[in-house]
**Q** 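Sharing a structure with you now.
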Amino acid sequence: MILIVDLTDPDIPVLFDEFVSPIQRIVHQCGYENQVVRIESVKIPPSCTGIIICGTALADTWYRSHHLMSLLNGWTGPILGICAGMQMLLTETGGETVFLTDIGMISIRSTDMGRKDILLNGKDEFSGYALHKYTATLSSHWIALAISDITVQMVKHCSNSWYGALFHPEVRNEWIIERFAALTMPPDYGYE
């Protein structure tokens, strides 16, 4: 079962439809069970095999008052953080928040490491939909898998199957979510 974490402001319900529902639809269409939970009440159930942390709207900074790492301590399974989800993963593992507004379609190029990774294999260049006003620096725990002209667009943790996409793959790159969902299948993922 894939756990889908909702970071959207609970006082703006339309954000769920725009940023969480598309992820849930893609995961469901791939044939994977899923459960949506809010960041402020999330607990990882024993049946969880992977986690997707959804993004949110440009002006929605509600998520910045919450944290992930206390929840994720001990988790060894796959994670995909999208936009705000990537920012949270990076900042809570040693990176720093950086103001960087990017809106619209952008050109993304895989790095040498990205071309070898299962999520980007065969995708040297593609376009992605950016909608953010922040990014985060990479600590020594992360490597860049893809870049744009102005910043890192995809990352992977050095020792876990934790990924981040600063752009929104649910818009034109559903294949990233599909490939990530396939990573959640091994039965040996979970808490140590």
**Q** Would a 4.5 Å heavy-atom cut-off, applied to side chains only, mark Ser110 and Leu145 as touching?
**A** no

**Q** Verify the distance criterion only: is there a donor paired with an acceptor across the side chains of Tyr163 and Asp117 at less than 3.5 Å?
**A** yes

**Q** Starting at CD1 of Ile39, measure out to CD1 of Ile53 and round the result to the nearest 0.5 Å.
**A** 7.0 Å

**Q** Report yes if some heavy atom in the side chain of Val152 is under 4.5 Å from a heavy atom in the side chain of Leu138; otherwise report no.
**A** yes

**Q** Take Ile177 and Glu170 through the side-chain contact (heavy atoms from CB on, under 4.5 Å) test and state the conclusion after the steps.
**A** CA-CA 7 Å; Ile177 298 166; Glu170 70 272 20; 4.0 Å; yes

**Q** Do Glu174 and Arg179 meet the salt-bridge criterion of a basic N to acidic O distance under 4.0 Å?
**A** no

**Q** Is there a side-chain contact between Cys54 and Ile82 (heavy atoms, below 4.5 Å)?
**A** no

**Q** Can you name the closest pair of heavy atoms from Leu90 and Thr137 and give their distance?
**A** CB-O, 3.9 Å

**Q** Both conditions, 6.0 Å and 45 degrees, for the charged tip of Arg38 above the ring of Phe16: are they met here?
**A** no

**Q** Run the side-chain contact (heavy atoms from CB on, under 4.5 Å) test on Val37 and Gln35 for me, step by step, so that the C-alpha distance in whole Å, both residues' side-chain angles and the decisive distance to 0.1 Å come before the verdict.
**A** CA-CA 7 Å; Val37 294; Gln35 176 183 350; 3.7 Å; yes

**Q** Are there more than 12 heavy atoms of other residues, nucleotides or ligands under 6.0 Å from atom CD of Gln29?
**A** yes

**Q** Kindly indicate whether the side chain of Met154, heavy atoms from C-beta on, has any atom under 4.5 Å from the side chain of Leu119.
**A** yes

**Q** How close do Thr49 and Pro78 get, heavy atom to heavy atom, and via which atoms?
**A** O-CD, 3.3 Å

**Q** Could you check whether any side-chain heavy atom of Lys156 comes within less than 4.5 Å of a side-chain heavy atom of Trp162, counting everything from C-beta outward?
**A** no

**Q** Are Asp149 and Arg109 within salt-bridge range, i.e. N to O under 4.0 Å?
**A** yes

**Q** Side chains of Pro45 and Leu3: closer than 4.5 Å at any heavy-atom pair?
**A** yes

**Q** With rounding to the nearest 0.5 Å, note down the distance linking CG in Leu80 to CD1 in Ile4.
**A** 10.5 Å

**Q** Would you say Ile51 and Leu72 make side-chain contact, with heavy atoms under 4.5 Å?
**A** yes

**Q** Ring centres of Phe126 and Trp175 under 6.0 Å apart?
**A** yes

**Q** To the nearest 0.5 Å, what is the distance between NZ (Lys43) and SG (Cys48)?
**A** 14.5 Å

**Q** Can you check whether Ser107's main-chain N or O pairs, donor with acceptor, with Ser127's side chain at less than 3.5 Å?
**A** no

**Q** Establish whether Leu166 and Leu131 are linked, either directly or via other cluster members, by ILVMFWY side-chain heavy-atom contacts under 4.5 Å.
**A** no

**Q** Keeping Thr8 on the side-chain end and Leu15 on the backbone end, is there a donor-acceptor pair under 3.5 Å?
**A** no

**Q** Distance-only, no hydrogens or angles: does the Thr111 side chain make a donor-acceptor pair with backbone N or O of Ala144 under 3.5 Å?
**A** yes

**Q** Compare every heavy atom of Gly94 with every heavy atom of Ser139, then report the nearest pair and how far apart it is.
**A** CB-C, 3.8 Å

**Q** Between His168 and Phe19, does the ring centre distance come in under 6.0 Å?
**A** yes

**Q** Quick check: is Met113 connected to Ile176 through a chain of hydrophobic side chains (ILVMFWY, heavy atoms under 4.5 Å apart)?
**A** yes

**Q** Just checking, is any N or O donor in the side chain of Ser148 or Gln153 under 3.5 Å from an acceptor N or O on the other one?
**A** yes

**Q** Supply the atom-to-atom distance Ser161 OG to Leu183 CG, rounded to the nearest 0.5 angstrom.
**A** 6.0 Å

**Q** In terms of hydrophobic clustering (I, L, V, M, F, W, Y; side-chain heavy atoms under 4.5 Å; direct or indirect links), are Tyr63 and Val14 co-clustered?
**A** no

**Q** Can you tell me if Ile150 has over 12 outside heavy atoms packed within less than 6.0 Å of its CD1?
**A** yes

**Q** May I ask whether Phe180 and Met185 are part of the same hydrophobic cluster, defined by side-chain heavy atoms of I, L, V, M, F, W, Y residues being less than 4.5 angstrom apart, directly or through others?
**A** yes

**Q** side-chain contact (heavy atoms from CB on, under 4.5 Å), that's the test. Do Ile2 and Ile52 meet it? Break it down for me.
**A** CA-CA 7 Å; Ile2 297 175; Ile52 298 176; 4.0 Å; yes

**Q** Any chance you could measure Met88, atom CE, to Thr97, atom OG1, to the nearest 0.5 Å?
**A** 10.0 Å

**Q** Step through the shown structure and confirm whether more than 12 heavy atoms of other residues, nucleotides or ligands are within 6.0 Å of NE2 on His28.
**A** no

**Q** Once rounded to the nearest 0.5 Å, what's the spacing between atom SG of Cys83 and atom OH of Tyr129?
**A** 10.5 Å

**Q** Not counting sequence neighbours, which residues clear side-chain hydrogen bond (donor to acceptor under 3.5 Å, both in side chains) with Thr93? List them please.
**A** Trp142

**Q** How about Lys116: does its NZ atom have over 12 heavy atoms from other parts shown lying under 6.0 Å from it?
**A** no

**Q** Are Leu89 and Trp62 co-members of a hydrophobic cluster defined by side-chain heavy atoms under 4.5 Å apart?
**A** yes

**Q** Going through the checks in order, is the side-chain contact (heavy atoms from CB on, under 4.5 Å) test met by His132 and Phe167?
**A** CA-CA 8 Å; His132 58 267; Phe167 60 98; over 6 Å; no

**Q** State whether Asp124 and Arg115 are salt-bridged, where the test is any N-O pair (Lys NZ or Arg NE/NH1/NH2 against Asp/Glu carboxylate O) under 4.0 Å.
**A** yes

